[in-house]
Amino acid sequence: SRRKEKLSPGPRPLPFMGNLLYKEYGPVYTLHLGSRQVVVLSRYQAVKEALVDHDKDFSGQGDVPLFSKFNKGNTIAFSNDNKWKVLRKFAEQTLHNIRMGKQSFEKRIMEEVSFLMVELRKNEGQLLDPTLVLRLSLCNIICSVLFGSRFDYELLDWLPGPHQRLFHNLKCLKHLITLSICEHQASFDPSSPRDFIDYFLAKMTQEHQDLMTHFNLETLETTTHNLLFSSLEPLSITLLYAFLTLLKYPKVQAHVQEEIDCVVGRARRARGAMPYTNAMIHEVQCFADIMPMSYPHRISRDTVFRGFLLPKSTDVITLLSTVHQDPSLFMTPQEFNPEHFLDASQCFKKSPAFMPFSAGSWMCLGQSLASMAFFLYLTTILQSFSLQPLGAPEDINLTPIGPGPNKIPRPFQMRLCKC
Ligand code: HEM
């Protein structure tokens with residue numbers, strides 16, 4: 001009965017969260033962040049029940065003031081109900097069309113990997129901090145999907161100001177997008193869309209008489225920006241973590257290389273044929289756990305969840321990191337162990353607790369692009385090079401730097417040695 005329902009318990013106020021709080025308060029608790037109350041969900045079962053089984057109740061957009069200020073609710077993440085549905089559906093369909101099209105994801109990624117390999121070969125045998133070159137390369141993949149073009153690595157070297165500005169200065173990115181949209185308009189052929197911007201322009205033409213349409217130039221700018229901004233950081237951080245982890249665990253690296261040698265050349269580079277490599281990539285993503293929580297969501301109607309009343313408009317945070325460390329689903333959650341994703345016959349085994357991209361209807365839009373990029377980057381690089389650390393592997397520190405919404409690996413250098 002409703003009388004038994006109570007607000008979820010929780011500390012007040014506490015500046016941090018995670019597994020410690022789970023131990024004290026269980027999988028559902030309330031945090032008081034200034035004047036706001038936020039309900040926090042931990043571990044696989046509660047997170048999955050909220051994001052997948054109760055997705056209609058948890059379907060409101062939470063608020064992240066920085067984003068709302070910049071995008072004014074005019075994009076996919078952090079837009080209102082109806083706009084989110086329309087833009088999200090369009091973006092999903094468009095990314096699917098591009099993935100399956102003549103210039104598929106795979107072709108775009110492999111083209112970029114070949115440029116990266118030329119750059120890496122120039123550094124063979126030398127100490128290299130791979131951060132910048134990887135970022136540029138991954139940025140080019142996203143640019144290829146969104147704008148149909150890539151930047152020359154040398155050209156980027158000549159851009160004024162530190163490179164970080166290109167990635168972090170929101171206004172600078174917006175300017176780049178505006179320029180690209182103008183170029184697209186000048187060469188636009190509705191019968192053969194080349195990239196995300198062309199698909200959006202085609203939709204704008206289709207709906208130009210609809211006064212209520214969400215498809216206009218301003219939304220095109222903010223949505224393209226949203227896709228660029230949401231993708232660059234997680235893609236490069238994950239790949240850097242993959243390198244760092246392979247440096248720390250040379251046996252895992254050797255195992256992956258054996259599998260590559262055995263499969264590539266005989267068969268197409270395919271994830272299905274490379275279970276250990278696939279397992280390693282899944283494990284890196286869970287272990288690195290670069291986005292420890294999903295974006296905030298909001299309860300869309302009064303909801304009873306696991307015996308607690310969550311009133312309409314309550315903000316909810318799901319702690320993905322507690323899913324990745326859930327001992328009921330991972331044998332050794334504190335250790336890097338690709339066996340988490342292998343069965344007794346060493347075949348790849350999915351885990352329901354694999355949630356780096358979150359789950360349910362809010363799940364990351366870029367999952368298939370990101371997964372394909374990790375696989376093709378890692379297999380191509382490890383086919384040609386073995387990665388060697390600067391010091392002893394056991395001294396490599398995998399703990400992330402600083403507090404912040406994302407976990408970022410410590411800067412490192414490595415040597416690429418020809419296999
Ligand atoms: C390793 C790579 C990536 C990781 C770990 C990652 C992770 C995530 C997570 C955890 C969310 C929040 C989901 C939620 O609120 O429950 C998210 C949302 C999102 N991601 Fe990614 N992402 C990655 C790459 C990408 C890429 C490549 C793209 C673009 C092609 C992308 C576009 C987005 C967008 C647009 C959203 C907002 C979705 C919405 O609100 O409906 N992400 N991502």
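One-based numbering, in listed order, for ligands and for the atoms of each.
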My understanding is that only one of Val133, Val113, Thr380 makes a side-chain contact (heavy atoms from CB on, under 4.5 Å) with Leu120; could you say which? Val133

Tell me every residue that passes side chain to side chain donor-acceptor pair (under 3.5 Å) with Ser313, counting only those two or more places apart in sequence or in another chain. none

Indicate, as side chain, backbone, both or neither, the part of Met363 found under 4.0 angstrom from ligand 1 when only non-hydrogen atoms are considered. neither

Which residues pass the salt bridge (Lys or Arg N to Asp or Glu O under 4.0 Å) test with Glu207, sequence neighbours left out? Lys203

Donor on one side chain, acceptor on other, [X] and [Y], under 3.5 Å:
X      : Y      : answer
Thr332 : His340 : yes
Asn97  : Gln93  : yes
Thr219 : Asn216 : yes

Ligand-side contact atoms (ligand 1) for residue partner [X], heavy atom cut-off under 4.0 Å:
X      : answer
Ser358 : 13 (C), 14 (C), 16 (O)
Pro356 : 5 (C), 7 (C), 10 (C)
His297 : 14 (C), 15 (O), 16 (O)
Phe374 : 1 (C)
Trp84  : 39 (C), 40 (O), 41 (O)
Thr238 : 1 (C)

Quick one: are Phe348 and Arg271 in side-chain contact, heavy atoms under 4.5 Å? no

Taking the side chain as C-beta and beyond, is there a heavy-atom pair between Leu116 and Asn140 under 4.5 Å? no

Restricting to pairs with a member in residues 181-198, which pass salt bridge (Lys or Arg N to Asp or Glu O under 4.0 Å), not counting sequence neighbours? Arg194-Asp198

May I ask you to identify the nearest protein heavy atom to atom 38 (C) of ligand 1, giving residue, atom name and distance to one decimal place in Å? Arg88 NH1, 3.4 Å

Taking atom 21 (Fe) of ligand 1 as the center, what protein N, O or S atoms are found at less than 2.8 Å? Cys364 SG

Quick one: does Asn226 get an N or O within less than 3.5 Å of an N or O on ligand 1? no

Ligand 1 to Gln285 polar contact by distance, N or O atoms, under 3.5 Å: no

In terms of its nearest heavy atom to atom 36 (C) of ligand 1, the top option of Phe229, Phe58, Tyr295 is Tyr295

Thinking salt bridges, do Lys107 and Glu111 make one under a 4.0 Å N-O criterion? no

Cationic N near anionic O, under 4.0 Å, Lys349 to Glu339: no

